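Being a predicted model, the structure only gives us computed values, none of them experimental.
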Amino acid sequence: MSLKLPIYLDNAATTPVDPRVVGKMLPYLTEHFGNPASSTHAFGQTASRAIEDARGEVARLVNAEAREIIWTSGATESNNLAIKGAAQASQPRGRHLITLETEHKAVLDTMQELRRRGFEVTYLAPESNGLLNLEKFRAAIRPDTVLASVMLVNNEIGVIQDIAAIGAICRERGVVFHVDAAQASGKVEIDLARLAVDLMSLTAHKTYGPKGIGALYVRREPRVRLEAQMHGGGHERGWRSGTLPVHQIVGMGECFRIAREEMNTEVPRLRALRDKLWAGLKDLPEVRLNGDPERRIANNLNLSLRLENCDALVSSLADIAVSSASACSSGTAAPSHVLQALGADGSNALRITVGRFNTGEEIDYAARYLRQKIDDCRSGKLRAA
């Protein structure tokens with residue numbers, strides 16, 4: 001079988017939409033096009049049922065109640081609604097927030113906006129393996145701390161934080177706990193019936209679903225208070241106004257259903273592909289794996305390379321698609337804030353993330369191809385554009 005090039009190995013940036021998801025969505029663009037808020041006729045009623053079915057599928061993946069799932073446009077909006085909404089609703093109790101230096105920009109920039117509005121934020125540095133020190137986290141909590149936000153899976157280095165332990169500390173101290181789980185769904189087991197998590201951000205496009213649709217889990221017991229950030233028609237129980245995009249919601253429900261049913265076989269397969277790729281690269285001189293080698297999702301490799309110019313390498317990789325930084329930060333000249341927080345070289349790094357549709361043959365080719373390009377870069381055959 002001949003390889004189809006280029007090979008896509010940037011699944012942390014976005015995943016291709018599973019054809020099964022596309023098939024589920026298409027009727028809601030043509031035949032079932034009604035507005036779900038139009039409850040007086042069959043078109044709207046069909047759309048409304050589809051939305052509730054999808055809400056149930058999202059809830060089942062994370063073991064929550066369907067009524068605890070609020071539709072949003074994606075994880076960025078979910079993070080904004082969770083962090084701003086909970087912080088503003090909790091102002092009578094305090095104005096102190098806690099997060100990690102290695103959070104996604106959707107969290108860090110939201111925290112920065114709250115600082116502008118008079119809140120105080122403590123940014124905790126991770127350990128060198130990317131994980132949060134629980135004692136440092138406990139020590140950072142003050143009497144006026146109202147919210148903490150720690151992501152489940154880091155979008156750059158793939159490490160898995162101990163949100164069970166972090167949530168227990170927050171619950172003990174009366175702190176609302178928000179988790180950005182955009183990179184975790186379908187890759188890490190999430191059981192919100194057991195975890196002390198109050199708010200969780202989710203998105204479809206990291207789980208083989210469409211872009212532009214996400215959800216926020218809002219715990220009902222103990223109830224979390226939020227202030228809405230969008231106002232209009234009072235949709236989603238008043239927390240998120242706006243006409244719901246039925247086809248995208250159906251797509252998110254379907255991709256979360258597939259993830260729930262297949263992750264027990266898919267995760268080991270991804271890990272085997274990732275390990276095969278790492279085995280083909282780890283003996284290269286001065287190549288370092290960033291992030292804890294064990295507490296990380298199955299598909300992520302983040303490698304620091306000692307090169308004169310990593311940009312020359314990345315721009316030469318016509319046969320494979322990888323990332324030299326987070327997709328949400330690319331286009332900027334600044335090195336990775338995540339790797340800087342770990343004490344690693346944030347300007348010479350590759351993030352390689354395998355996915356559902358990659359094959360062993362592709363991984364073998366990618367390993368050989370990367371080795372050759374790295375050798376070419378070190379020998380001076382590659383120059384930055």
For the pair D10 and R351, find out whether any cationic side-chain nitrogen is under 4.0 Å from an anionic carboxylate oxygen. yes
Considering only heavy atoms from C-beta outward, does the side chain of V197 approach that of M200 to under 4.5 Å? yes
Does N348 reach the side chain of S304, with side-chain heavy atoms less than 4.5 Å apart? no
Flag yes if more than 12 heavy atoms outside R225 fall under 6.0 Å of its CZ atom; otherwise flag no. no
Look at the side-chain heavy atoms of Ile, Leu, Val, Met, Phe, Trp and Tyr, link any pair under 4.5 Å apart, and say whether I258 and V62 land in one connected group. no
Of all residues at least two apart in sequence or in a different chain, which pass the ring pair (Phe, Tyr, Trp, His ring centres under 6.0 Å) check with Y8? none
Please assess T353 against N299 for the test side chain to side chain donor-acceptor pair (under 3.5 Å), listing each intermediate value before the final yes or no. CA-CA 5 Å; T353 42; N299 72 328; 5.0 Å; no
Does the side chain of S201 pick up a donor-acceptor pair with the side chain of N79 at under 3.5 Å? yes
Show, in sequence, the C-alpha distance, side-chain angles and deciding distance for H231 and S241, and conclude whether the side chain to side chain donor-acceptor pair (under 3.5 Å) test is met. CA-CA 5 Å; H231 303 89; S241 290; over 6 Å; no
Minimum heavy-atom separation for T122 to H96, with atom names? OG1-NE2, 2.7 Å
Option among N302, N129, N154 that satisfies the side chain to side chain donor-acceptor pair (under 3.5 Å) test with N290: N302
Can a donor-acceptor pair be found between the side chains of S149 and T99 at a distance below 3.5 Å? no
Where is the tightest heavy-atom contact between R171 and P222, given as atom of each residue plus distance? NH1-CD, 4.0 Å
Between E120 and R142, does any NZ, NE, NH1 or NH2 come within less than 4.0 Å of an OD or OE carboxylate oxygen? yes
Listed pairs under 3.5 Å, donor-acceptor, residues 30-40 side chains, sequence neighbours left out:
unit_1, atom_1, unit_2, atom_2, d
T30, OG1, L26, O, 3.3
N35, OD1, A37, N, 2.9

What is the distance from atom CD of Q88 to atom CZ of R95, rounded to the nearest 0.5 Å? 9.0 Å
Measure the CZ-CG distance between R368 and L281 for me, rounded to the nearest 0.5 Å. 12.0 Å
Under 4.5 Å between side-chain heavy atoms, counting indirect links through other Ile/Leu/Val/Met/Phe/Trp/Tyr residues: same cluster for L9 and L301 or not? yes
Is there a continuous path of hydrophobic side-chain contacts, each under 4.5 Å between heavy atoms, that joins I166 to L131? no
Go through the steps to decide whether S185 and T207 satisfy the test side chain to side chain donor-acceptor pair (under 3.5 Å), and finish with yes or no. CA-CA 7 Å; S185 54; T207 316; 2.7 Å; yes
For K84, I'd like to know if atom NZ has over 12 heavy atoms of other residues, nucleotides or ligands within 6.0 Å. yes
Salt bridge (Lys or Arg N to Asp or Glu O under 4.0 Å) test vs E262 passes for just one of R257, R20, K187, namely R20
CA sep, side-chain torsions, deciding dist, call: D283, R371, salt bridge (Lys or Arg N to Asp or Glu O under 4.0 Å): CA-CA 10 Å; D283 65 331; R371 290 182 72 95; 2.6 Å; yes
Trace of the side chain to side chain donor-acceptor pair (under 3.5 Å) decision for E77 with Q229: CA-CA 9 Å; E77 185 187 342; Q229 302 299 303; over 6 Å; no
Presence of salt bridge, R138 and E172, under 4.0 angstrom: yes
Do R260 and E57 touch side chain to side chain, with heavy atoms closer than 4.5 Å? yes
Is R55 salt-bridged to E52, going by a charged N under 4.0 Å from an acidic O? yes
Pairwise side-chain contact, K136 with E127, heavy-atom cut-off 4.5 Å (strictly under): yes
L342 CG to E156 CD distance, which is reported to the nearest 0.5 Å: 10.0 Å
Do M151 and L147 sit in one hydrophobic cluster, given that two such residues count as connected whenever their side-chain heavy atoms are within less than 4.5 Å of each other, even indirectly? no
Interatomic distance, I51 atom CD1 to M252 atom CE [nearest 0.5 angstrom]: 13.0 Å
Donor-acceptor contact present, side-chain Y365 to main-chain L3, <3.5 Å: no
Ignoring hydrogens and geometry, is there a side-chain-to-backbone donor-acceptor pair from Q248 to K211 under 3.5 Å? yes
Rounded distance (nearest 0.5 Å) linking atom CD1 of I169 with atom CZ of F177: 9.0 Å
E266 with R356: basic N within carboxylate O range, under 4.0 Å: yes
Would you call D144 and R93 a salt bridge, using N to O less than 4.0 angstrom? no
Which value, rounded to the nearest 0.5 Å, describes the distance between R237 atom CZ and R67 atom CZ? 8.5 Å
Exercise: do H337 and T102 side chains pair donor with acceptor under 3.5 Å: no
Count the heavy atoms belonging to other residues, nucleotides or ligands that lie under 6.0 Å from CZ of F43, then report whether that count exceeds 12. no
So, are R220 and D198 salt-bridged, with charged N and O less than 4.0 Å apart? no
Flag yes if L307 and L284 sit in one hydrophobic cluster, no otherwise; membership is Ile, Leu, Val, Met, Phe, Trp, Tyr, and two members link when side-chain heavy atoms are under 4.5 Å apart. yes
Kindly write out the residues that satisfy side-chain hydrogen bond (donor to acceptor under 3.5 Å, both in side chains) with E286, not counting sequence neighbours, or none if the list is empty. R306
